[in-house]
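All remarks here apply to the structure that follows.
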Amino acid sequence: MKRIKSGGVFEEKIGYCRAVVAGGFVHVAGTVEQGDTVEEQCKSALEVIGGALEKAGSSFADVVRVNYYLPDRAEFEACWPILAETFGENPPAATMVECRLIDDKYRIEIEVTALAHG
């Protein structure tokens with residue numbers, strides 16, 4: 001098992017890793033990021049997720065499952081072009097859930113599971 005930390009302040013406060021490689025998969029924790037709009041936060045979260053996947057020797061092309069969490073489901077459509085570009089020809093199975101997030105400033109949280117290599 002390999003644990004990947006990103007250095008985020010909540011990793012130590014809450015006790016989790018950005019990603020864990022185990023059982024043939026890369027499990028990336030739910031990721032919220034900075035920005036004023038849902039689109040900015042979506043792009044920023046995907047950058048952090050992409051970095052974790054890279055550290056694990058994986059990529060967005062290897063993602064098999066993605067979960068999206070939004071406090072306002074009406075904002076999800078604004079993210080569709082960003083997500084379609086990110087996953088391109090390799091779309092994963094996906095779920096979107098409307099729920100409250102850890103802080104009202106966050107508009108989207110994203111978590112992924114990808115195939116591990118090696």
Side-chain angles (χ1 to χ4, degrees):
M1 186 174 347
K2 178 180 178 182
R3 300 181 194 284
I4 298 169
K5 295 187 176 192
S6 66
V9 295
F10 288 108
E11 289 177 12
E12 291 300 320
K13 285 183 180 181
I14 297 173
Y16 73 95
C17 291
R18 174 61 41 216
V20 175
V21 182
F25 292 95
V26 182
H27 305 273
V28 181
T31 304
V32 293
E33 278 302 318
Q34 304 307 308
D36 294 326
T37 66
V38 69
E39 297 94 338
E40 290 171 348
Q41 290 186 19
C42 181
K43 287 178 185 177
S44 183
L46 289 169
E47 288 175 13
V48 171
I49 291 167
L53 290 171
E54 186 176 325
K55 287 180 184 176
S58 193
S59 72
F60 283 111
D62 300 306
V63 174
V64 295
R65 164 65 87 188
V66 60
N67 294 314
Y68 305 104
Y69 305 98
L70 292 90
D72 181 356
R73 69 180 181 265
E75 290 192 326
F76 190 45
E77 189 171 353
C79 297
W80 293 355
I82 299 163
L83 301 171
E85 180 181 340
T86 298
F87 293 107
E89 297 297 315
N90 304 291
T95 300
M96 191 285 294
V97 176
E98 183 179 44
C99 62
R100 294 198 59 186
L101 299 179
I102 195 166
D103 188 304
D104 289 340
K105 69 181 177 182
Y106 296 122
R107 309 305 317 142
I108 188 169
E109 181 169 347
I110 305 170
E111 69 179 355
V112 306
T113 303
L115 292 174
H117 300 286

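As the structure is a computational prediction, the values presented were derived from the model and not from experiment.
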Legend entry - Residues that Y68 engages under ring pair (Phe, Tyr, Trp, His ring centres under 6.0 Å), provided they are two or more places apart: F76
Legend entry - Heavy-atom side-chain proximity of D62 to V26 below 4.5 angstrom: no
Inset, instruction - Can you tell me which residue pairs pass the ring pair (Phe, Tyr, Trp, His ring centres under 6.0 Å) test with a partner in residues 26-51, sequence neighbours excluded? - result: none
Inset, instruction - Give the minimum heavy-atom separation between A78 and E39, together with the two atoms involved. - result: CB-OE2, 3.2 Å
Inset, instruction - Give the cluster check for V64 versus I49: same hydrophobic cluster or not, with ILVMFWY residues linked at side-chain heavy-atom distances below 4.5 Å. - result: no
Legend entry - Spatial distance of atom CD1 (I108) from atom CG (L101) [nearest 0.5 Å]: 9.0 Å
Inset, instruction - Would you kindly confirm whether L83 and V66 end up in one hydrophobic cluster when ILVMFWY residues are joined by side chain heavy atoms under 4.5 Å apart? - result: yes
Inset, instruction - Name all pairs fulfilling the ring pair (Phe, Tyr, Trp, His ring centres under 6.0 Å) condition that reach into residues 84-109, sequence neighbours left out, sorted by first residue then second. - result: F60-F87
Inset, instruction - Write down the atom of E11, the atom of S6, and the distance for their closest heavy-atom approach. - result: OE2-OG, 2.5 Å
Legend entry - Test side chain to side chain contact (heavy atoms under 4.5 Å, CB included) applied to P81 - qualifying residues, sequence neighbours left out: none
Inset, instruction - Taking side-chain hydrogen bond (donor to acceptor under 3.5 Å, both in side chains) as the test, write out the residues that go with E77, two or more places apart. - result: none
Just list the side-chain donor-acceptor pairs under 3.5 Å for residues 89-98, sequence neighbours left out, or say none.
| unit_1 | atom_1 | unit_2 | atom_2 | d |
| --- | --- | --- | --- | --- |
| T95 | OG1 | R65 | NH1 | 3.0 |
| E98 | OE1 | R73 | NH1 | 2.7 |
| E98 | OE2 | R73 | N | 3.1 |

Legend entry - Pairing residues for K43 by the side-chain hydrogen bond (donor to acceptor under 3.5 Å, both in side chains) criterion, not counting sequence neighbours: none
Legend entry - Backbone N/O of R107 and side chain of Q41: donor-acceptor pair under 3.5 Å: yes
Legend entry - Atom CG of L115 with >12 non-hydrogen neighbours under 6.0 angstrom: yes
Inset, instruction - Take V63 and L53 through the side-chain contact (heavy atoms from CB on, under 4.5 Å) test and state the conclusion after the steps. - result: CA-CA 9 Å; V63 174; L53 290 171; 4.0 Å; yes
Legend entry - side-chain hydrogen bond (donor to acceptor under 3.5 Å, both in side chains) involving S44 - partner list, sequence neighbours excluded: none
Inset, instruction - Go through the structure and list residues passing side-chain hydrogen bond (donor to acceptor under 3.5 Å, both in side chains) with E111, not counting sequence neighbours. - result: N67, Y69
Inset, instruction - To the nearest 0.5 Å, tell me how far C42 SG sits from E47 CD. - result: 10.5 Å
What pairs of donor and acceptor atoms, side-chain ones from residues 13-22 against any protein atom, are under 3.5 angstrom apart with sequence neighbours left out?
| unit_1 | atom_1 | unit_2 | atom_2 | d |
| --- | --- | --- | --- | --- |
| Y16 | OH | R18 | NH2 | 3.3 |
| R18 | NH1 | G30 | O | 3.3 |
| R18 | NH1 | T31 | OG1 | 2.8 |

Inset, instruction - Just jot down the ring pair (Phe, Tyr, Trp, His ring centres under 6.0 Å) partners of F25, sequence neighbours excluded, or say none. - result: none
Legend entry - Evaluation steps, side-chain contact (heavy atoms from CB on, under 4.5 Å), between I110 and V28: CA-CA 9 Å; I110 305 170; V28 181; over 6 Å; no
Inset, instruction - Kindly write out the residues that satisfy salt bridge (charged side-chain N to carboxylate O under 4.0 Å, His left out) with D104, not counting sequence neighbours, or none if the list is empty. - result: R100
